[in-house]
Structures are given as structure tokens and as C-alpha cells.
Amino acid sequence: MLKLLTIIGARPQIIKAAALSRAIKNNYSSKIKEVIVHTGQHYDENMSQVFFNELDIPHPDYNLNTGSGTHGSQTAAMIIGIEEILLKEKPDCIVLYGDTNSTLAGAIASSKILVPIVHIEAGLRSFNKAMPEEINRIMCDHVSTLLFSPTKTGYDNLLNEGFKENNEAPYTINNPKIFHCGDVMYDNSLYFSKIAEQKTNIISTNNLEGKPFILATIHRNNNTDEPVRLQALFSAIHKISIQNKVQVVIPLHPRTAKLLSQNLSSELYAAVQTSPFIKLLPPVSFLEMIALEKNASMVMTDSGGVQKEAFFFKKPCIILRSETEWVELVDCGSAKIIDANEEKIIEAYTDFSNLKTFDFPDLFGNGKAAEFICKSILNYINTPTLIPA
Ligand code: UD1
Ligand code: UDP
């Protein structure tokens, strides 16, 4: 039995982990034992527990209850906690997702005591090291043993950074193996798509049935923490909604909710709060989010995950950042990088509204990325028998 220790902490990681836990439960329960460690980076009920309840993720075996803090204090507390658990549990490998501080803490703790790292969502790059996530993902990739990239671009980024294509097993931190395997979030979106429609009523309770609406999310630190940028984003959203009489639904990340009154002008803050066209919601569940994405006419976001889900559900997307790791979405024309520029956001909305058809090619695998990852872990971490991937 291979023992795998999964680190989760932030909302998108909890959701991503559902795909692997499901694959293990359905097909590998006699071969893989998963121990789940929640760092506690996200802790509000609607940022954490809600996903365990609705996505059938096993209850975490450990919760470090780290909470919020500066990058250093938060990451340091997680490293200490993860190291203790690794020394006690002695897993065959650790599984890390994405690019958060929880990912970085797991990478530092495990690489120093030579626990092999499996990095899911490897190779993604924004080429902007002012983003904390870019530091986290680069550091994690470069101490990993098995690296699973969801996209060809991510795989090529790794080759460009010196990873080898045809190196032979055994794979180690010094001889890592890279894979292009599709996206576990595509697995999840396919799996939960119908369930979301059956189990949620967010569309009807918000009176959105049959109405075109924009789904918007904003939580990147450079957008929320810089008043000029936050003002530009909300001013654009407000103007678009009034001028086009279109509803905009905004599930607010707690970071954004806390900074809205502080960083918007008092006029705009009041206008956004009282507008009949803007619905500010608390963070919604993943099934509710899928329902919103499926029914929206357009998405505006600075989220990595939401950009992709817009694509999965065939919706045009305005990216509220100056770059993206998911360049394929932009290349095929269904997403535009616009950044926090009021005029350009309004222009992009008009352009997309006038376009009738979009191209959504298959870019993210076949919905079985998690199965592939499980097989590869069994093949290359600590076991001699090869299972056809
Ligand atoms: C983190 C990730 C980011 C990811 C996002 C997903 C890092 C550096 N950033 O950003 O890559 O896109 O998660 O959502 O790891 N807060 C609460 N309740 C919570 C969680 C957070 O109120 O349950 C508030 C706190 O004020 C906290 C702030 O949100 O200080 C930011 O939380 P943090 O986890 O540090 O970063 P995120 O912005 O969530
Ligand atoms: N999400 C959610 N509820 C929300 C907002 C987002 O369930 O209110 C989901 C979303 O569908 C996606 C993931 O959270 O799967 C994205 O997380 P987030 O935007 O916080 O982080 P990022 O992907 O940018 O790291």
C-alpha cells in the first residue's frame, strides 16, 4: 500500500483535491492510502468546510489551523506543522497542488527531509515574479519528483527551465519526471456539472432564470490592495451594468469584502452596494459556482480557476490581470487579457457581446487526469510493477 500525504489549504486546492480523492476511492483504494493535511490557510465555513460537505472529500486527518498572516509567518507556521506530520506519518510521497503558500510550505518541508513531491498543476508561469504565486510555483517545481502539467504550455515551460523529456526511472528530486496529463479541474467540472444543476437553486433564488448576466470574481492581491486598480475594476463593472441593464453577480472573496469600503471611493462604494444591477454575494459553494458559470453570458475574473471554468462551460472571459498562466484561452479567442483598465474592460465587454461564436477546443484532457496521476504515482513512486498509463 502506497501512502500519499495530500496538502490542502486554500479554496481551489480543496476543490482540486476532490478529483484525486475520488479516483483513489473509486479505483485505487486497495493500492493507495491518502492522508489529508489541511493547513488552515482558508478557514471560513464558506471558504473551506462547504467543499468537504458537497464534494465528498474525506475529512482531513490533520488541520494545522494556521490561519491568515504575512507570507513569512503563515508559511513558516505551515512548514513546522507539515514537517512534524511528515516525520510521524512517513509517507511515500507528498501531493501538492498549485501555487499557494500552502504549496510552498509543503515543498520546503518535504524536500528537506527527502519525501518525494508530486506537484499537480506544475509548469504554469505568468512570468511575473511580483506575484507571490509565481515564486511559490517555481520553487515547488524545482524540488519536485513527479510534475503533472495540465497544459502543453506548462510542459514546455518546464522543458525551457531545464527539465528533461525522456529521462528514465527511477525518478527522484535530482532526476524528476514531467508529464502533460490534462487538468484535474476539468475532471471535476465534467463530474459535477449535472450534479450542480440538480442540487443548487442559486439561479432561481437570485432571480436570474432566463436572464443574461455577468459573473465576476476579484481577489488577486494587486487588485484588492491597490485602490486605483480596485476602483477601476468596480467602476467598469458598475458602468457596464447600468449602461447595458445587465445583472452582474459577484461572489466576494473575504479579502475583497474586507477591502471594498477602504479602497473604493465613498461614491462608488455606495453605488455598488445599492445598485439594482449588482449582486454582491458571500463566497458561494463550488456547485453554486458551476451553476453560475453555466448560466452566465460572460465571465470577468482575476481568478486562475474561474478563467478556466469559463472556458470549460464555453463562456467568453475578460481576464482582469496583466497576464495569464492559461495562455491557450487567449490564443483561441475566448478570453482577453484586459487588466484593471476601466475603458478597456468596457470595450472588451462590447466586443464580446457583439461576437456570436467562440472557439472552445479540447485543451484540458479527457476528464481522467486524476486517474492518470494515480497510475503514474503507483508506477514511479516506490513500486516496481508498471501499470499501463
Ligand atoms: C490565496 C492564494 C492565492 C489563491 C487564493 C484562492 C497565496 C499567496 N495566495 O490568496 O494564490 O488564488 O488563495 O482563493 O497563497 N480570509 C478570510 N477568511 C478565510 C481566508 C482568508 O477572511 O477563510 C481573508 C484574511 O483577511 C486574509 C485574506 O483573506 O488575510 C487573504 O487570505 P490568504 O490565504 O493570505 O490569501 P488569498 O488572497 O486568499
Ligand atoms: N469558487 C467557489 N466559490 C466562489 C468563488 C470561486 O467555489 O465563491 C471556486 C471556483 O469555481 C474555482 C476555485 O474556487 O474552482 C477558484 O478559486 P479562487 O478563484 O479562489 O483561486 P484561484 O483559482 O485564482 O487560485
Side-chain angles (χ1 to χ4, degrees), residues 7-19 38-51 53-55 65-75 77-78 96-106 121 124 126 130-137 139-140 150 183-189 192-193 196 200 202 215-225 249-259 262 279-294 296 299 301-313 319-321 324-326:
I7 302 289
I8 51 177
R11 165 170 70 188
Q13 293 168 325
I14 304 170
I15 301 170
K16 285 165 200 168
H38 192 327
T39 63
Q41 178 171 352
H42 286 173
Y43 44 85
D44 291 347
E45 157 80 24
N46 56 18
M47 293 294 286
S48 175
Q49 188 55 44
V50 64
F51 305 111
N53 299 345
E54 73 174 6
L55 307 183
N65 292 312
T66 308
S68 307
T70 60
H71 286 285
S73 64
Q74 188 184 52
T75 312
M78 291 177 191
L96 302 174
Y97 289 93
D99 53 20
T100 71
N101 287 349
S102 298
T103 317
L104 177 64
E121 259 197 13
L124 299 176
S126 64
M131 276 183 89
E133 293 84 353
E134 185 77 350
I135 309 280
N136 294 344
R137 53 172 90 104
M139 308 263 277
C140 181
D183 194 328
V184 291
M185 281 311 297
Y186 186 53
D187 299 10
N188 273 337
S189 294
F192 289 111
S193 173
T200 64
I202 191 158
L215 173 65
T217 75
I218 295 164
H219 78 280
R220 290 258 95 80
N221 63 331
N222 71 330
N223 281 336
T224 57
D225 301 7
V249 180
I250 315 179
L252 280 179
H253 189 288
R255 169 181 212 120
T256 320
K258 281 177 191 160
L259 287 165
Q262 192 180 314
K279 284 187 201 303
L280 297 177
L281 304 179
V284 298
S285 78
F286 183 58
L287 295 184
E288 289 173 329
M289 194 63 184
I290 291 187
L292 288 171
E293 288 163 346
K294 287 183 84 170
V299 173
T301 189
D302 61 7
S303 157
V306 178
Q307 277 173 57
K308 259 185 311 163
E309 289 161 13
F311 182 89
F312 299 156
F313 296 115
I319 301 171
L320 305 172
R321 286 178 47 193
T324 181
E325 301 77 24
W326 307 101

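Quick note: residue numbers are just sequence positions, from 1. Counting starts at 1 for both ligands and their atoms, in listed order.
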Under a 3.5 Å threshold, yes or no: a donor from one side chain and an acceptor from the other, between Thr217 and Thr301?
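Yes - a donor-acceptor pair under 3.5 Å links their side chains.
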Distance-only polar pair, side chains of Tyr97 and Ser102, donor-acceptor under 3.5 Å
no
Do me a favour and list the nearest non-hydrogen protein atom to [atom] with residue, atom name and distance?
| atom | result |
| --- | --- |
| atom 19 (O) of ligand 2 | Ser303 OG, 2.7 Å |
| atom 19 (C) of ligand 1 | Tyr43 CZ, 3.5 Å |
| atom 34 (O) of ligand 1 | Gln41 NE2, 3.0 Å |

Below 4.0 Å, non-hydrogen atoms only: which portion of [X] touches ligand 2? Side chain, backbone, both or neither.
| X | answer |
| --- | --- |
| Pro251 | side chain |
| Ile15 | side chain |
| Ser285 | backbone |
| Glu133 | neither |

In terms of atom number and element, which parts of ligand 1 are under 4.0 angstrom from non-hydrogen atoms of [X]?
| X | answer |
| --- | --- |
| His71 | 8 (C) |
| Pro12 | 6 (C), 14 (O) |
| Ser68 | 25 (C), 27 (C), 30 (O) |
| Arg220 | 3 (C), 4 (C), 11 (O), 12 (O) |
| Asn101 | 7 (C), 8 (C), 15 (O) |

Looking only at distances, please establish whether an N/O atom of ligand 2 is found under 3.5 Å from an N/O atom of [X].
| X | result |
| --- | --- |
| Arg11 | yes |
| Pro12 | no |
| Arg220 | yes |
| Gly305 | yes |
| Glu309 | yes |

Has ligand 1 got any nitrogen or oxygen that is less than 3.5 angstrom from a nitrogen or oxygen of [X]?
| X | result |
| --- | --- |
| Lys258 | yes |
| Asp44 | yes |
| Glu133 | yes |
| Ser102 | no |

Heavy-atom distances under 4.0 Å decide this one: backbone, side chain, both or neither, for [X] against ligand 1?
| X | value |
| --- | --- |
| Ser48 | neither |
| Met47 | side chain |
| Arg255 | both |

Taking Arg220 first and then Glu133, would you say they form a salt bridge - that is, a charged N and a carboxylate O separated by under 4.0 Å?
yes
Taking NZ, NE, NH1 and NH2 as the nitrogens, is one of them in Glu121 or Lys308 under 4.0 Å from a carboxylate oxygen of the other?
yes
Between the main-chain N or O of Phe286 and the side-chain N or O of Glu54, is there a donor-acceptor pair closer than 3.5 Å?
yes
Report yes if the side chains of Ser303 and His253 come closer than 4.5 Å at any heavy-atom pair, otherwise no.
no
Within the 4.5 Å heavy-atom criterion, are Ile135 and Leu104 side-chain neighbours or not?
no
For ligand 2, which atoms, with element, lie under 4.0 Å from some heavy atom of Met185?
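In order of numbering, the contacting atoms are 15 (O).
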Judged by non-hydrogen atoms, does Val284 sit under 4.0 Å from ligand 2?
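The answer is yes: ligand 2 sits under 4.0 Å from a heavy atom of Val284.
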Heavy atoms from other residues, nucleotides or ligands near CE of Met47 exceed 12 (cutoff 6.0 Å)
yes
